**Student:** 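The structure that follows is given in the form of structure tokens.
Below, chain A is the first sequence line, B the second, and so on; all start at residue 1. No experiment lies behind these values; they were computed from the predicted model shown.
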Protein chains: 2
Amino acid sequence: MATTTETAGSNAQRERRRRILDATIELADSGGFDAVQMRAVADNADVALGTLYRYFPSKIHLLVTALGREFERAEAQSRTRVVPGDTPHERVMHVLGVTTTALQKQPQLTEALTRAFMFADASVADEIHVVGMKLTAMLTHAIDGTDESREPTDEDMAIVRVIGDVWLSALMGWVTGRTQAADVTTSMDVAVRLLLR
Amino acid sequence: MATTTETAGSNAQRERRRRILDATIELADSGGFDAVQMRAVADNADVALGTLYRYFPSKIHLLVTALGREFERAEAQSRTRVVPGDTPHERVMHVLGVTTTALQKQPQLTEALTRAFMFADASVADEIHVVGMKLTAMLTHAIDGTDESREPTDEDMAIVRVIGDVWLSALMGWVTGRTQAADVTTSMDVAVRLLLR
DNA sequence: TCCGAATCTAGAACGTGTTTCAATCATACG
DNA sequence: CGTATGATTGAAACACGTTCTAGATTCGGA
């Protein structure tokens with residue numbers, strides 16, 4: 001297997017990388033996007049500012065990479081369980097509900113990661129793609145339910161993409177303080193009802 | 001009628017405000033979000049930096065207000081015409097197609113305004129709301145077609161909101177360079193097909 | 001017309017993302 | 001070992017959004 005970014009370099013380098021991402025999450029969790037200041041991340045991770053920039057070329061790269069790591073964790077956990085619910089609608093809403101509840105418990109972290117995701121440009125396309133794949137995997141798994149053998153249809157994929165778009169918009173409204181947390185769930189419910197009928 | 005922000009103040013003040021927004025659009029059109037630098041806007045509009053900040057408390061307010069003015073213009077024009085197409089699907093796609101084509105002709109401007117819209121927080125809620133209403137008006141008008149008497153149903157409104165969310169996500173992908181211009185149209189077509197059936 | 005208040009101007013200054021650079025340190029290779 | 005190569009450090013410097021200040025200008029009301 002080709003060495004990925006996570007496993008490349010010496011032990012000391014992998015350690016530095018981990019410390020940087022840990023510091024990023026901790027700062028984001030405590031104070032949101034604005035609290036993730038590059039000097040503070042470098043200090044908390046015990047690296048020099050220049051080193052931080054050698055590992056992550058911008059604040060956006062840093063945060064989107066951290067988002068990928070969190071998503072990785074969430075998706076791994078979700079993969080181990082059967083999604084409850086008798087219909088695709090129920091199952092999709094369950095996944096979205098669980099995820100949204102988790103995000104609401106760490107609003108500052110969610111704000112930081114979502115803002116970074118929204119601001120990311122083409123140079124972050126790879127990390128963005130990772131996140132998109134994980135979300136797609138979770139949602140198609142929910143649509144198909146326990147029928148492991150069923151391949152997601154093109155229609156399933158299209159629906160999942162639209163749901164993802166609505167979810168991002170709803171999150172955007174929430175993290176920017178324009179809507180309430182409950183509105184996220186409402187939006188998703190309406191969209192899922194329109195799409196899965 | 002209550003004096004709105006656009007009509008308040010002396011002639012000189014209305015002139016200053018117009019010059020500022022004109023300079024904003026011009027800079028955005030030529031170089032996108034990054035080119036809209038507050039010092040440059042102030043210079044091009046022949047006002048002092050402090051004055052610019054007296055009129056618009058942040059770069060985001062400035063750009064979202066400019067977006068509102070552009071949307072106002074587009075919606076006024078669209079109001080004067082009958083949307084061609086025999087079905088809601090065709091008519092909605094026509095409106096989205098025309099709008100998307102227009103945006104693609106000014107990619108830098110679109111990038112600047114879309115990024116500002118995405119980044120706007122609660123303090124810009126009023127300006128955001130204006131934009132949302134105009135988009136909703138255009139789309140419900142397209143769904144209902146020539147039947148002026150028909151009131152948009154709750155379902156219509158819900159569909160329009162979902163379409164707006166998908167549109168924003170698609171635009172986001174495009175202005176950040178992660179997807180091609182044609183992908184915007186494709187996304188919209190898929191979403192509209194799923195929603196208007 | 002004159003005065004006080006509001007507005008405008010020019011410019012300095014500050015915070016944070018980003019870049020740069022010389023000096024030091026770590027590592028691999030002869 | 002010794003050395004070359006690259007990584008890391010510490011610190012300065014730059015860019016741009018934003019804030020602040022002191023003086024000039026404009027405006028509305030007595």
**Student:** Starting at CD of B:Gln37 and ending at C1' of D:dA15, how long is that distance when rounded to a whole Å?
**Tutor:**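 So the CD-C1' distance, B:Gln37 to D:dA15, works out to 8 Å.
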**Student:** Report the distance from atom CE of A:Met38 to atom P of D:dA13, rounded to the nearest whole Å.
**Tutor:** 21 Å
**Student:** Does A:Met157 reach the side chain of A:Thr153, with side-chain heavy atoms less than 4.5 Å apart?
**Tutor:**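 A side-chain contact under 4.5 Å is absent here.
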**Student:** Under a 4.0 Å threshold between the charged nitrogen and the carboxylate oxygen, would B:Arg193 count as salt-bridged to B:Glu90?
**Tutor:**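 Salt bridge: no.
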**Student:** With the side chain counted from C-beta on, respond yes when B:Phe33 and B:Phe119 share a heavy-atom pair under 4.5 Å apart, and no when they do not.
**Tutor:**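 SC-SC contact between B:Phe33 and B:Phe119 ruled out.
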**Student:** How many whole angstroms separate atom CZ of B:Phe56 from atom P of D:dT18?
**Tutor:** 13 Å
**Student:** Nearest heavy atom decides the nucleotide; on that basis, is B:Pro57 or B:Ala12 closer to the 5' end of DNA chain D?
**Tutor:**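 Whichever sits nearer the 5' end wins; that is B:Pro57.
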**Student:** Nearest 0.5 angstrom please: B:Asp22 CG to B:Glu15 CD, how far?
**Tutor:** 9.0 Å
**Student:** Taking the nucleotide of DNA chain C with the closest heavy atom to each, which residue, A:Asp34 or B:Ala48, is nearer the 5' end?
**Tutor:** B:Ala48
**Student:** If the cut-off is 4.0 Å, is B:Tyr55 near the phosphate of C:dT7, judged by side-chain N/O to OP1 or OP2?
**Tutor:** no
**Student:** Whole angstroms only, please: what is the NZ-C1' distance between A:Lys59 and D:dG17?
**Tutor:** 13 Å
**Student:** What is the distance, rounded to the nearest whole Å, between atom CZ of A:Arg17 and atom C1' of D:dA7?
**Tutor:**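 Checked: the CZ to C1' distance equals 16 Å.
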**Student:** Between A:Glu72 and A:Arg69, does any side-chain N to carboxylate O distance fall below 4.0 Å?
**Tutor:**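 Result for this pair is no, no salt bridge flagged.
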**Student:** Could you work out which one of D:dA7, D:dT19, D:dT9 sits closest to the side chain of A:Gln13?
**Tutor:** D:dA7
**Student:** State whether B:Arg150 and B:Asp156 are salt-bridged, where the test is any N-O pair (Lys NZ or Arg NE/NH1/NH2 against Asp/Glu carboxylate O) under 4.0 Å.
**Tutor:** yes
**Student:** Measure the spacing between CD of A:Gln104 and OG1 of A:Thr99 and express it to the nearest 0.5 Å.
**Tutor:**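 OG1 of A:Thr99 is found 11.0 Å from CD of A:Gln104.
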**Student:** Grab the CG-P distance between B:Leu49 and D:dT19 for me, whole Å please.
**Tutor:** 10 Å
**Student:** Please work out if B:Asp43 contacts a base, only the sugar-phosphate, or nothing of the nucleic acid, heavy-atom cut-off 4.0 Å.
**Tutor:** nothing
**Student:** Between A:Arg16 (CZ) and C:dC25 (C1'), how many Å, whole number?
**Tutor:**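 So the CZ-C1' distance, A:Arg16 to C:dC25, works out to 10 Å.
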**Student:** Could you check how far CZ of B:Arg54 sits from P of C:dC8, rounded to whole Å?
**Tutor:**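 The answer, rounded to whole Å, is 6 Å.
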**Student:** Could you check which residues of residues 113-120 of chain A get a heavy atom under 4.0 Å from DNA chain C? Sort them by number, please.
**Tutor:**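 Close to the strand, none.
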**Student:** Any base atoms under 4.0 Å from B:Val36, or only sugar-phosphate, or nothing? Heavy atoms, all strands.
**Tutor:**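 Sugar-phosphate contact only - B:Val36 comes under 4.0 Å of backbone atoms but never of a base.
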**Student:** For a quick check, tell me whether the side chain of A:Arg39 and the base of C:dT18 share a donor-acceptor pair closer than 3.5 Å.
**Tutor:** yes
